[in-house]
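The figures here come from the full heavy-atom set of this structure, side chains too, leaving out hydrogens, waters and symmetry mates.
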Amino acid sequence: MRTVAVVGASLAGLSAARSLRKQGYDGRLVVIGDEIHRPYDRPPLSKEFLVGDVGEADLALEPDGEDLQAEWLLGARAAALDPAPRTVRLTDGRQVRADGVVIATGAAARTLPGMDGLAGVHTLRTLDDARALRDELVRGGRLVVIGGGFIGAEVASTARALGLDVTIVEAAPTPLAGPLGPTMGRIVSSLHADHGVRLWCGVGVKGLSGETRVDAVLMEDGRNIPADIVVVGVGARPCVEWLAGSGVELDDGVKCGADGRTSVAGVVAVGDCASWYDPRAGAHRRVEHWTGARERPDAAVAALLSWGESKPGIPRPPYFWSDQYGVKIQFVGTAARADSVTIEEGSSDDRNVLAVYRRAGHPVAVLGMNQPRLFTRWRKHLAATPP
């Protein structure tokens with residue numbers, strides 16, 4: 001290959017670029033990113049960055065002196081992929097012709113109708129999002145978080161530490177039931193009440209009120225929640241619209257094999273936009289976690305450089321972590337595969353537990369709350385267990 005284009009300049013794209021060089025690729029490397037920023041770390045955006053414990057320089061993913069000998073096209077959005085010849089067309093009219101393409105365009109925060117143009121309403125996905133939200137949180141006031149997932153929970157925890165009055169509204173009966181299951185989702189989300197954060201579940205949001213700036217969240221049951229600031233954390237959608245008509249198969253993201261290969265030869269996908277085949281689950285799934293974006297590009301690049309001749313390994317079980325109210329939450333595996341979950345260490349009353357999820361008696365997932373040592377042993381055990 002003479003030219004490889006990496007479309008996406010966040011962690012997954014940077015990891016793919018590094019892996020290309022690590023695996024011996026010495027040709028032209030073009031990295032395309034729709035943000036103007038060099039690659040930066042996203043997990044601190046909802047925590048340390050919001051409270052001012054880390055600055056923008058601390059978020060940099062590239063150490064001093066690193067030089068991948070790449071052409072960086074930043075502030076450039078992909079508009080289309082022409083499969084023959086492989087050409088990435090950009091919205092500004094430029095074109096990048098490549099022998100191989102790595103799709104790493106990530107995901108974008110979902111929004112709610114009526115939030116555009118209304119001051120005080122935020123999503124949190126990018127550095128620019130975090131800048132805007134940080135400037136508002138330092139003023140204090142009443143914060144309403146729409147969505148009780150991990151981003152919403154982390155923002156609520158951070159805002160509470162800053163002294164804000166915080167309410168979370170969640171349409172599902174139990175927050176985090178999707179990733180953790182209802183039993184453990186209920187235990188983890190009880191951290192909010194422990195720290196004076198109101199949690200309303202089982203009712204949807206009807207809309208937002210305010211002329212130029214938000215002043216309340218309107219609930220479907222008729223209640224209104226006064227708000228000075230609103231954070232919408234209702235999930236993310238994969239950024240794959242630009243691939244329409246390319247021949248790349250899409251199904252909740254870019255549908256890939258267990259090594260990141262897509263339906264088009266010479267094109268692989270990694271990161272939040274990629275729906276990899278999971279041999280353990282026997283299905284495709286997107287893994288929107290830092291660890292996946294860091295680890296999986298190695299396999300995808302190997303497949304790309306060998307034109308699919310490399311033997312795909314078994315991806316490690318999905319892993320993520322969250323820091324809320326001083327509690328370290330870690331999870332590995334897939335809760336949806338389990339038919340039982342048991343607390344095997346600690347006490348839910350102390351928010352200090354190690355829970356194991358099993359299917360037909362075999363462990364398929366593990367949750368730790370302030371149990372890093374024991375959790376790490378279980379994580380290694382799951383990774384070594386064949387599907």
Chemist: Would Arg316 and Arg296 satisfy side-chain contact (heavy atoms from CB on, under 4.5 Å), going step by step from the backbone distance to the final call?
Modeler: CA-CA 9 Å; Arg316 296 177 68 184; Arg296 293 192 172 187; over 6 Å; no
Chemist: Same cluster for Leu164 and Ile168 if Ile/Leu/Val/Met/Phe/Trp/Tyr side chains link at under 4.5 Å?
Modeler: yes
Chemist: Assess whether side-chain contact (heavy atoms from CB on, under 4.5 Å) is satisfied between Cys273 and Ile103, documenting all intermediate values.
Modeler: CA-CA 8 Å; Cys273 69; Ile103 300 171; 3.9 Å; yes
Chemist: We want to know whether Arg351 and Ser190 form a side-chain donor-acceptor pair, criterion being a heavy-atom distance below 3.5 angstrom.
Modeler: yes
Chemist: Listing request: all side chain to side chain donor-acceptor pair (under 3.5 Å) pairs with a residue in residues 205-226, at least two apart in sequence or in separate chains.
Modeler: Glu136-Arg213, Ser209-Asp215, Asp221-Arg223
Chemist: Do Phe49 and Asp58 come close enough that some side-chain heavy atom pair is under 4.5 Å?
Modeler: no
Chemist: Would you say Pro363 and Tyr357 make side-chain contact, with heavy atoms under 4.5 Å?
Modeler: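 Sidechains of Tyr357 and Pro363: no contact.
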Chemist: Give the intermediate values and the outcome of salt bridge (Lys or Arg N to Asp or Glu O under 4.0 Å) for residues Asp252 and Arg237.
Modeler: CA-CA 8 Å; Asp252 185 34; Arg237 56 172 181 80; over 6 Å; no
Chemist: With a 4.5 Å cut-off on side-chain heavy atoms, are Pro83 and Arg86 touching?
Modeler: no
Chemist: Just how far is it from atom CG of Leu68 to atom CG of Leu14, taken to the nearest 0.5 Å?
Modeler: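 Output value for this atom pair is 6.5 Å.
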Chemist: Side-chain donor-acceptor contacts of residues 365-380 below 3.5 Å, not counting sequence neighbours, with atom names and distances?
Modeler:
from: Asn370; atom 1: OD1; to: Lys328; atom 2: N; distance (Å): 2.9
from: Gln371; atom 1: NE2; to: Asn352; atom 2: OD1; distance (Å): 2.9
from: Thr376; atom 1: OG1; to: Pro372; atom 2: O; distance (Å): 2.7

Chemist: Considering all heavy atoms of both residues, which atom of Asp259 and which atom of Ala303 are nearest to each other, and what is their separation?
Modeler: OD2-CB, 3.7 Å
Chemist: Side-chain heavy atoms under 4.5 angstrom apart, residues restricted to Ile, Leu, Val, Met, Phe, Trp, Tyr: same cluster for Leu250 and Val267?
Modeler: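 Looking at the clustering, Val267 is in the same group as Leu250.
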Chemist: Is it the case that the side chain of Asp228 and the backbone of Gly141 share a donor-acceptor pair, with hydrogens and angles ignored and the cut-off at 3.5 Å?
Modeler: no
Chemist: Going by side chain to side chain donor-acceptor pair (under 3.5 Å), Asp165 matches just one of Arg142, Arg198, Arg160. Which one?
Modeler: Arg198
Chemist: Using a strict 4.0 Å threshold on nitrogen-to-oxygen distance, state whether Arg94 and Asp92 make a salt bridge.
Modeler: yes
Chemist: Using a distance-only test with no angle check, is there a side-chain donor-acceptor pair under 3.5 angstrom linking Arg359 and Ser340?
Modeler: no
Chemist: For Gly148 versus Glu170, what's the shortest heavy-atom pair and its separation?
Modeler: N-OE1, 2.6 Å
Chemist: Apply side chain to side chain donor-acceptor pair (under 3.5 Å) to residues Arg42 and Ser10 and explain how you reach the verdict.
Modeler: CA-CA 9 Å; Arg42 294 182 189 270; Ser10 193; 3.2 Å; yes
Chemist: Can you find a heavy atom in the side chain of Val232 that is under 4.5 Å from one in the side chain of His122?
Modeler: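 In short, these two side chains do not touch, never coming nearer than 4.5 Å.
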Chemist: To the closest 0.5 Å, what do you measure between CD (Gln23) and CG (Leu304)?
Modeler: 9.5 Å
Chemist: Is the closest side-chain heavy-atom distance between Tyr25 and Met1 below 4.5 Å?
Modeler: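 When only atoms from C-beta onward are counted, Met1 and Tyr25 do touch, with a gap below 4.5 Å.
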Chemist: Evaluate the side chain to side chain donor-acceptor pair (under 3.5 Å) criterion for residues Tyr40 and Glu35: first the C-alpha distance (whole Å), next the side-chain angles of each, then the deciding distance (0.1 Å), finally the verdict.
Modeler: CA-CA 11 Å; Tyr40 59 87; Glu35 293 187 62; 2.8 Å; yes
Chemist: Say whether Leu124 and Leu143 are linked into one hydrophobic cluster, either directly or through other cluster members, by side-chain heavy-atom distances under 4.5 angstrom.
Modeler: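 Yes, one cluster joins them.
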Chemist: To the nearest 0.5 Å, what is the distance between CG (Leu73) and CG (Asp34)?
Modeler: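 With rounding to 0.5 Å, CG (Leu73) is 12.0 Å from CG (Asp34).
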Chemist: Between the side chains of Thr334 and Arg280, does any donor sit under 3.5 Å from an acceptor?
Modeler: no
Chemist: Would you check, one step at a time, whether the test side chain to side chain donor-acceptor pair (under 3.5 Å) holds for Asp298 with Ser19?
Modeler: CA-CA 6 Å; Asp298 284 347; Ser19 188; 2.9 Å; yes
Chemist: Return the set of residues passing ring-ring contact (aromatic ring centres under 6.0 Å, His included) with Phe320 (not counting sequence neighbours), or none when no residue passes.
Modeler: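 Applying ring-ring contact (aromatic ring centres under 6.0 Å, His included) to Phe320 gives Phe150, His289, Phe331.
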Chemist: Can you tell if the side chain of Val121 reaches within under 4.5 Å of the side chain of Leu208, non-hydrogen atoms only?
Modeler: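 Yes - at least one pair of side-chain heavy atoms lies under 4.5 Å apart.
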Chemist: Find out if a path of hydrophobic residues (ILVMFWY) with successive side-chain heavy-atom gaps under 4.5 Å connects Trp290 to Leu127.
Modeler: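 No, it is not one cluster - the side chains of Trp290 and Leu127 are not joined through contacts under 4.5 Å.
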Chemist: Thr262 vs Glu249, test: side chain to side chain donor-acceptor pair (under 3.5 Å). Steps then yes/no.
Modeler: CA-CA 7 Å; Thr262 73; Glu249 186 176 358; over 6 Å; no
Chemist: Pair Ile32, Leu90 - check side-chain contact (heavy atoms from CB on, under 4.5 Å), show working.
Modeler: CA-CA 9 Å; Ile32 303 165; Leu90 308 181; 3.9 Å; yes
Chemist: In a check of side chain to side chain contact (heavy atoms under 4.5 Å, CB included) between Trp72 and each of Leu29, Val31, Val30, Val6, which one passes?
Modeler: Val31
Chemist: Take Arg358 and Glu344 through the test salt bridge (Lys or Arg N to Asp or Glu O under 4.0 Å) and record every step on the way to the result.
Modeler: CA-CA 12 Å; Arg358 290 182 171 86; Glu344 305 204 355; 2.6 Å; yes
Chemist: Taking all non-hydrogen atoms of both residues, which atom of Ala78 and which atom of Val7 are closest, and how far apart?
Modeler: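 Nearest pair, atom of Ala78 first, then Val7: CB-CG1, 3.7 Å.
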Chemist: For Cys239, does its backbone N or O pair with a side-chain atom of Thr105 as donor and acceptor, under 3.5 Å?
Modeler: yes
Chemist: Could you measure the distance from the CD1 atom of Ile343 to the OG1 atom of Thr183? Nearest 0.5 Å is fine.
Modeler: 8.5 Å
Chemist: Between atom CG of Asp278 and atom CZ of Arg286, what is the distance when rounded to the nearest 0.5 Å?
Modeler: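 The distance works out to 14.5 Å.
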Chemist: Can the positive tip of Arg77 be found less than 6.0 Å from the middle of the six-membered ring of Trp242, inside 45° of the ring normal?
Modeler: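 That pair does not qualify as a cation-pi contact.
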Chemist: Quick check: closest heavy atoms across Thr158 and Ser46, and the distance to 0.1 Å?
Modeler: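 Where Thr158 meets Ser46 most closely, the heavy atoms are OG1-O, 2.8 Å.
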Chemist: If you take all heavy atoms of Cys201 and Pro173, which pair is closest and at what distance?
Modeler: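 Smallest heavy-atom distance, with atoms named: CB-O, 3.4 Å.
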Chemist: For the residue pair Pro315 and Trp276, what are the closest heavy atoms and their distance?
Modeler: CG-CE3, 4.1 Å
Chemist: Could you check whether any side-chain heavy atom of Ile225 comes within less than 4.5 Å of a side-chain heavy atom of Met219, counting everything from C-beta outward?
Modeler: yes
Chemist: Could you tell me whether the side chain of Ser306 and the main chain of Ala302 form a donor-acceptor pair under 3.5 Å?
Modeler: yes
Chemist: Any salt bridge between Arg134 and Glu48, counting N to O under 4.0 Å?
Modeler: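 Glu48 and Arg134: not salt-bridged.
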Chemist: Looking at CG of Leu45 and CG of Leu133, how far apart are the two atoms once the value is rounded to the nearest 0.5 Å?
Modeler: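 Taking CG in Leu45 and CG in Leu133, the distance rounds to 10.0 Å.
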Chemist: How about Val188 and Ile329: do any of their side-chain heavy atoms sit closer than 4.5 Å?
Modeler: yes
Chemist: Could you tell me whether Asp26 and Arg21 have a side-chain N and a carboxylate O separated by less than 4.0 Å?
Modeler: no
Chemist: Check for me, please, whether Leu162 and Val231 land in the same ILVMFWY cluster - side-chain distances under 4.5 Å, paths through other members count.
Modeler: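 Both belong to a single hydrophobic cluster.
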Chemist: If we ignore hydrogens and angles and just use 3.5 Å, is the side chain of Thr174 paired with the main-chain N or O of Ala177 as donor and acceptor?
Modeler: no
